[in-house]
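Okay, so here's the structure we're looking at.
FYI, side chains are in, hydrogens and waters are out, and symmetry mates aren't considered; it's all heavy atoms of this structure.
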Amino acid sequence: MASVNKVILVGNLGRDPEVRYTASGAAMCNLSIATTYATRDSQTGERREETEWHRVVMFNRLAEIAGEYLRKGRPVYIEGRLRTRKWQGQDGQDRYTTEIIADQMQMLGGRGDSGGDFGGDDYNQAPQPQRQAAPQQAAAQPAPRQAPPQQNYQASPMDNLSDMDDDIPF
């Protein structure tokens with residue numbers, strides 16, 4: 001039987017990210033993310049909120065991006081897996097900690113915003129391959145073919161969304 005270890009969090013950063021580097025030079029970032037669960041008391045109708053704190057660890061390029069762009073209070077979407085580690089405290093007692101090893105992150109809210117909409121930038125752990133030709137190879141390759149022009153294209157109001165303001169009133 002197959003198993004699944006998948007965590008998805010949408011919450012706010014409780015403090016600025018802490019980025020460190022291992023002896024081999026790999027980046028490692030620790031985050032603290034708060035998620036809140038709201039309910040209503042069935043007896044009194046009073047609203048109750050329960051806040052849960054999550055430890056999140058990121059590695060390599062994802063860790064560097066988080067350290068550069070994330071700040072305390074910023075909403076963020078995280079995908080990853082659970083990991084429990086065992087370690088010994090200064091008193092010699094075994095201790096355990098459960099953390100989320102993130103492999104994807106999406107910053108939520110507007111630029112420089114600590115709240116807001118759920119649009120943002122998506123960052124995956126695995127770097128996307130970049131194809132760049134060396135100068136000698138680029139000169140030897142034929143020019144890429146251009147697509148034929150579209151005959152029946154009509155402009156749409158959705159074509160120029162870059163003109164829209166980020167502060168949409170809904």
Side-chain angles (χ1 to χ4, degrees), residues 3-41 45-91 93-132 157-170:
S3 62
V4 176
N5 182 355
K6 178 88 169 175
V7 175
I8 297 174
L9 292 176
V10 176
N12 295 312
L13 267 67
R15 62 175 188 256
D16 286 349
E18 298 173 12
V19 180
R20 295 186 307 247
Y21 291 87
T22 64
S24 63
M28 183 175 90
C29 180
N30 291 314
L31 302 175
S32 180
I33 296 180
T35 57
T36 303
Y37 178 72
T39 60
R40 291 218 178 263
D41 188 308
E46 184 178 323
R47 180 184 162 111
R48 291 187 188 173
E49 288 187 353
E50 299 173 15
T51 300
E52 186 74 29
W53 289 93
H54 310 274
R55 296 175 186 262
V56 178
V57 180
M58 299 176 176
F59 295 98
N60 302 320
R61 183 67 183 135
L62 189 60
E64 292 172 347
I65 291 168
E68 187 173 342
Y69 294 105
L70 295 180
R71 293 292 170 254
K72 178 181 178 177
R74 177 127 192 208
V76 66
Y77 169 93
I78 299 288
E79 276 189 40
R81 62 184 172 86
L82 281 178
R83 178 178 72 176
T84 300
R85 289 186 297 121
K86 178 181 174 182
W87 51 282
Q88 283 193 341
Q90 292 180 344
D91 59 0
Q93 295 290 320
D94 287 345
R95 308 227 190 260
Y96 297 88
T97 186
T98 301
E99 56 200 6
I100 293 121
I101 307 300
D103 54 26
Q104 290 186 22
M105 171 191 65
Q106 185 172 357
M107 295 180 283
L108 304 176
R111 295 188 188 273
D113 209 4
S114 62
D117 65 350
F118 287 92
D121 301 315
D122 188 16
Y123 295 96
N124 294 326
Q125 180 71 22
Q128 301 298 322
Q130 295 180 357
R131 295 171 37 147
Q132 293 179 341
M158 301 301 284
D159 287 344
N160 203 1
L161 290 179
S162 62
D163 292 342
M164 295 182 71
D165 192 2
D166 283 341
D167 296 309
I168 299 174
F170 53 88

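In this structure the side chain of I8 reaches within 4.5 angstrom of the side chain of Y77, judged on heavy atoms. Looking at heavy atoms from C-beta onward, T51 lies out of side-chain contact with T35 at the 4.5 angstrom threshold. R71 has its side chain out of reach of L13: every pair of non-hydrogen atoms, C-beta onward, lies at least 4.5 Å apart. In this structure, D103 and I101 have side chains that are not in contact, with every pair of non-hydrogen atoms separated by 4.5 Å or more. Proximity of I33 to W53: side-chain heavy atoms (C-beta onward) are nowhere separated by under 4.5 Å. Counting only heavy atoms from C-beta outward, the side chains of R81 and I100 never approach each other to under 4.5 Å.
For the salt bridge (Lys or Arg N to Asp or Glu O under 4.0 Å) test, no residue two or more places apart in sequence or in another chain qualifies with R40. With sequence neighbours excluded, the residues forming a side chain to side chain contact (heavy atoms under 4.5 Å, CB included) with E49 are T36, A38, R47, listed by chain and number. Listed by chain and residue number, E99 satisfy the salt bridge (Lys or Arg N to Asp or Glu O under 4.0 Å) test with R83 (two or more places apart in sequence, or in another chain). Every salt bridge (Lys or Arg N to Asp or Glu O under 4.0 Å) that E79 has, sequence neighbours left out, goes to K6. Partners of R15 according to the side chain to side chain contact (heavy atoms under 4.5 Å, CB included) rule, which considers only residues two or more places apart in sequence or in another chain, are E18, S32. Taking E64 as the reference, R61 meet the salt bridge (Lys or Arg N to Asp or Glu O under 4.0 Å) condition, with sequence neighbours excluded. For T39, there are no side chain to side chain donor-acceptor pair (under 3.5 Å) partners two or more places apart in sequence or in a different chain. By the side chain to side chain donor-acceptor pair (under 3.5 Å) test, D41 pairs with R48, sequence neighbours left out.
D91 places a side-chain N or O within 3.5 Å of a backbone atom of Q93 that can act as its donor or acceptor partner.
Nearest heavy-atom pair across N60 and A26 is OD1-CB, 3.6 Å. Here the closest non-hydrogen pair linking V19 and C29 is CG2-SG, 3.9 Å. The minimum heavy-atom distance linking L108 with V76 is given by the pair CD1-C, 3.9 Å. Considering all non-hydrogen atoms of both residues, I78 and A102 come closest at CG2-CB, 3.7 Å. Considering every non-hydrogen atom in both Y96 and W87, the closest pair reads C-NE1, 4.1 Å. Heavy-atom minimum distance, Y69 versus R74: O-NH1, 3.7 Å.
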M28/V57 under side-chain contact (heavy atoms from CB on, under 4.5 Å): CA gap, chis, key distance, verdict: CA-CA 7 Å; M28 183 175 90; V57 180; 4.1 Å; yes
Working for side-chain contact (heavy atoms from CB on, under 4.5 Å), residues V7 and L9: CA-CA 7 Å; V7 175; L9 292 176; 4.0 Å; yes
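D94 and K86 are joined by a salt bridge, as a carboxylate oxygen and a charged side-chain nitrogen come within less than 4.0 angstrom of each other.
Remark: D16 CG to N30 CG distance equals 13.0 Å, nearest 0.5 Å.
The environment of CD in E46 is sparse: at most 12 heavy-atom neighbours from other residues, nucleotides or ligands sit within 6.0 Å.
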